[in-house]
Structures are given as C-alpha cells and as structure tokens.
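Notes for the one structure printed next.
We use all heavy atoms of the structure for the numbers below, so side chains are in, but hydrogens, waters and symmetry mates are not. What you are looking at is a predicted structure, and each value in this text was computed from that prediction instead of being measured. The chains referred to below are lettered A, B, ... by the order of the sequence lines, with proteins before strands, and numbering in each begins at 1.
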2 protein chains.
Amino acid sequence: MSDDTPYAPSRIRALPSWLLGRAAARGHRLVADALATEGMRMMHHAVLSAVDELGPVSQAELGRTVGIDPKDMVTLVNDLQKDGLVTRTPDPKDRRKNAVEISTAGRQRLRRTQQLGDQANAELTASLTPDERAQLITLLGKIAVPDR
Amino acid sequence: MSDDTPYAPSRIRALPSWLLGRAAARGHRLVADALATEGMRMMHHAVLSAVDELGPVSQAELGRTVGIDPKDMVTLVNDLQKDGLVTRTPDPKDRRKNAVEISTAGRQRLRRTQQLGDQANAELTASLTPDERAQLITLLGKIAVPDR
DNA sequence: TGGTTATCGTTGGGGCACCCAATGAAACCG
DNA sequence: CGGTTTCATTGGGTGCCCCAACGATAACCA
C-alpha cells in the first residue's frame with residue numbers, strides 16, 4: 001500500500017530538505033486539526049506547555065525557550081490570557097517583565113491538548129516502528145538545532 | 001555535547017511534529033538562501049526539476065507530481081517562463097492543457113540550482129554520518145507520504 | 001447524438017509560521 | 001550617572017499551503 005505509488009519522477013524527493021518540508025506539513029496538519037477541536041493552534045499549545053514547565057516566566061524567556069519571535073509571543077499570550085489559560089502580571093522585581101503563569105483552567109486545557117498532540121503524533125508516525133520513531137527523533141534533534 | 005545544553009524544559013521538543021517543523025524551517029532557510037543567489041525559490045527549483053524529468057507536461061500533472069496547488073503553479077510557471085527557463089505552449093492534442101517544457105537556459109539554470117540545493121542539504125545534514133543521513137531519508141519517506 | 005460530468009488553466013481570497021526593524025520604559029553596569 | 005541592554009509592544013513583510021469559482025474544453029454515457 002506504500003510501494004506501488006507512481007511516486008515521483010523527481011530528484012527533489014530524495015533531498016532531506018524536501019522530505020522535511022513534506023513531513024512537517026503533514027505533521028502540522030495533523031496536530032493543527034487535532035488542537036483545533038480545543039480552539040487552539042500549535043503555538044498556543046507550545047507556549048502553554050512551556051509556561052507550565054517554567055513556572056512564572058517572562059515573555060522574552062518564553063520566546064527564547066520555545067523559539068518564537070517576541071512579536072508573535074505577544075499575540076499568543078494575549079490569546080491565552082483572553083481564554084483565561086494564563087495570567088499576565090507585572091513582575092515586581094523587574095517592571096519591564098510580565099510574569100506569565102498558567103492557571104487552573106490552563107492546566108486542564110493543557111492536559112487535553114497534550115493528549116491530542118500525542119495522538120496526532122502517533123498517527124503521524126503510524127507507519128514507523130517504535131525503534132524507528134526513536135531514531136527519527138534522535139536524527140531530527142541533531143539537525144533541528146540552528147544552534148545559537 | 002548534547003546533554004548539557006540548557007536545552008528545553010519542554011515536553012514539546014520531544015514531539016516529532018515539533019522537531020519536524022524546526023528541522024524543516026532550518027532546511028528551508030538554508031536552501032532558500034542558496035537558491036536566492038540564482039534568483040529562485042524552492043518551488044521554482046522543484047518545478048523546473050520536475051519539468052526536466054517529465055518532459056513536456058501539463059501544469060495539472062506537474063502540480064500533482066510535485067504536490068503544488070494549481071493556483072501557485074500558475075505563478076510559478078509564469079516566473080519560469082518570464083525568465084526563459086521553460087516554454088508554455090498550447091497542447092494541440094488537448095486544447096485545455098499547456099505543454100510545459102524546459103529550455104536550454106532552463107537546463108543550465110537547473111544544473112546550478114541542483115548543485116546549490118545539494119550543498120545546502122549537505123550543510124543541513126552536516127552533523128549526520130552518511131548512514132544516519134540515509135536513515136533519515138528513509139524514515140522521512142515513510143511519514144512524508146500523507147495522502148496522494 | 002446530446003446532455004452530463006470531469007478536467008484544465010486561471011483568478012481571487014485567506015490562514016499560518018516565520019522573520020526583521022523600531023520604540024518607550026525599565027534595569028543594568030562601569 | 002550616562003551608555004548599553006533588555007523587555008513588551010507595534011508595524012510590516014515573505015513564503016508555503018489550501019479552498020472556491022469560472023469559462024473553456026474534453027471525456028463519458030445513456
């Protein structure tokens with residue numbers, strides 16, 4: 001069911017960059033569709049998850065950790081705050097910063113979105129054995145790091 | 001070298017979908033920058049390469065093969081035609097179709113962009129052994145095929 | 001044969017991830 | 001203290017991906 005396709009008369013398809021783009025697009029589609037049932041997008045979930053793990057944290061640090069532009073972080077936190085999933089309070093220690101913290105509702109939402117994300121990723125890697133999945137994660141980890 | 005990084009206190013980073021997005025973004029950046037020196041983008045190169053391999057071909061079939069929306073294909077072929085890299089002639093057999101064919105200039109351009117693409121992919125996978133690179137390509141091939 | 005159905009190129013519109021520059025306020029540091 | 005840096009925010013921009021519609025043409029089929 002996977003080897004009879006008139007697949008591709010194209011040199012392009014052997015390039016990691018091309019395959020990565022395709023695989024990423026499919027992964028994004030799966031995860032986005034899953035998270036949409038909770039009214040969230042990938043970035044929302046990523047930020048919410050980071051806030052949960054980091055505790056009260058500034059937007060700038062969030063951006064650095066998750067790899068999101070400060071500009072987009074503003075919008076993201078706005079959305080999360082509007083839905084009551086995180087709180088944004090001025091940091092008394094440093095009045096430039098916002099202390100972003102997850103709320104109870106945020107924790108509940110996070111539990112569901114994590115499950116949805118895991119399911120979507122399971123579907124994404126459904127054609128892989130557990131070993132292969134682990135290999136893929138390791139390999140991707142090596143090339144995904146732009147560094148800094 | 002991989003376990004001391006203040007890496008990420010984030011569950012997200014272990015998800016294939018997230019890693020794929022990150023790796024794809026880096027790959028896209030590398031390839032796009034390389035192709036930009038020839039005034040082309042990834043899609044241009046992909047289409048040009050497909051035209052070269054498929055011979056005279058309709059835009060619809062090109063779109064199906066490379067996985068590009070017909071709408072975007074119009075723009076892409078417009079660009080390539082404007083630069084004299086492909087010819088677009090009405091198909092006498094089927095007057096709905098355009099027969100897209102690569103030109104001599106297109107072949108020359110393609111040779112350069114292929115080299116640039118290969119270099120960028122080499123840089124992308126620089127931290128991988130040849131074996132690992134082959135593994136990655138195999139694994140990606142398994143999950144990249146979404147649908148059609 | 002004639003009517004329906006499907007395909008092709010094209011136009012129009014939209015969403016999302018990613019990225020850069022600039023600004024005022026505040027903190028840091030020598 | 002004065003210069004530099006950081007922070008949140010605003011503004012703008014690009015590239016890839018997807019959907020809907022339409023006139024022209026071809027294929028299908030009853």
Take the protein atom [atom1] of [X] and the nucleotide atom [atom2] of [N], then report the distance between them rounded to whole Å.
{"X": "L30(A)", "N": "dC17(D)", "atom1": "CG", "atom2": "P", "answer": "15 Å"}
{"X": "M73(B)", "N": "dC17(D)", "atom1": "CE", "atom2": "P", "answer": "11 Å"}
{"X": "R95(B)", "N": "dT10(C)", "atom1": "CZ", "atom2": "P", "answer": "16 Å"}
{"X": "N98(A)", "N": "dA25(C)", "atom1": "CG", "atom2": "P", "answer": "16 Å"}
{"X": "H45(B)", "N": "dC16(D)", "atom1": "NE2", "atom2": "P", "answer": "13 Å"}
{"X": "M42(A)", "N": "dC17(D)", "atom1": "CE", "atom2": "C1'", "answer": "15 Å"}
{"X": "R26(B)", "N": "dG15(D)", "atom1": "CZ", "atom2": "C1'", "answer": "19 Å"}
{"X": "D79(B)", "N": "dT10(C)", "atom1": "CG", "atom2": "P", "answer": "13 Å"}

Hey, which sits more toward the 5' end of DNA chain C by its nearest nucleotide, K93(A) or R41(A)?
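Per heavy-atom nearest nucleotide, the more 5' residue is R41(A).
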Please tell me which of D91(A) and D72(B) maps to the more 5' nucleotide of DNA chain C, matching each residue to the nucleotide holding its nearest heavy atom.
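Nearest-nucleotide comparison on DNA chain C picks D72(B).
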Is the backbone N or O of [Y] less than 3.5 Å from a side-chain atom of [X], with the two atoms forming a donor-acceptor pair by type?
{"X": "E132(A)", "Y": "L139(B)", "value": "no"}
{"X": "D91(A)", "Y": "K93(A)", "value": "yes"}
{"X": "N121(B)", "Y": "S17(A)", "value": "yes"}
{"X": "S103(A)", "Y": "L85(A)", "value": "yes"}
{"X": "R109(A)", "Y": "E38(A)", "value": "yes"}

From the list dC18(C), dC7(D), dA27(C), which nucleotide is the closest neighbour of the side chain of K97(A)?
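Of the options given, the side chain of K97(A) lies nearest dC7(D).
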Just compare dT9(D), dG15(D), dA26(D) and give me whichever is closest to any side-chain atom of H28(B).
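Output: dG15(D).
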Would you call D79(B)-R41(B) a salt bridge at under 4.0 Å N-O?
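Salt bridge between D79(B) and R41(B), a charged N being under 4.0 Å from a carboxylate O: yes.
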Between the base of [N] and the side chain of [X], is one N or O donor paired with an acceptor at under 3.5 angstrom?
{"X": "D69(A)", "N": "dC20(C)", "result": "yes"}
{"X": "K71(B)", "N": "dG14(C)", "result": "no"}
{"X": "R96(B)", "N": "dT7(C)", "result": "yes"}

Check this one for me: any side-chain N or O of [X] less than 4.0 Å away from OP1 or OP2 of [N]?
{"X": "R29(B)", "N": "dC18(C)", "result": "no"}
{"X": "N78(A)", "N": "dT9(D)", "result": "no"}
{"X": "Q59(B)", "N": "dT10(C)", "result": "yes"}
{"X": "R64(A)", "N": "dC7(D)", "result": "yes"}

If you look at every strand shown and take non-hydrogen atoms under 4.0 Å, does M43(B) touch a base, only sugar-phosphate, or nothing?
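Result for M43(B) = sugar-phosphate.
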Nearest nucleotide by nearest heavy atom, which residue falls closer to the 5' end of DNA chain D, P70(A) or I68(B)?
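Comparing both residues, the 5'-ward one is P70(A).
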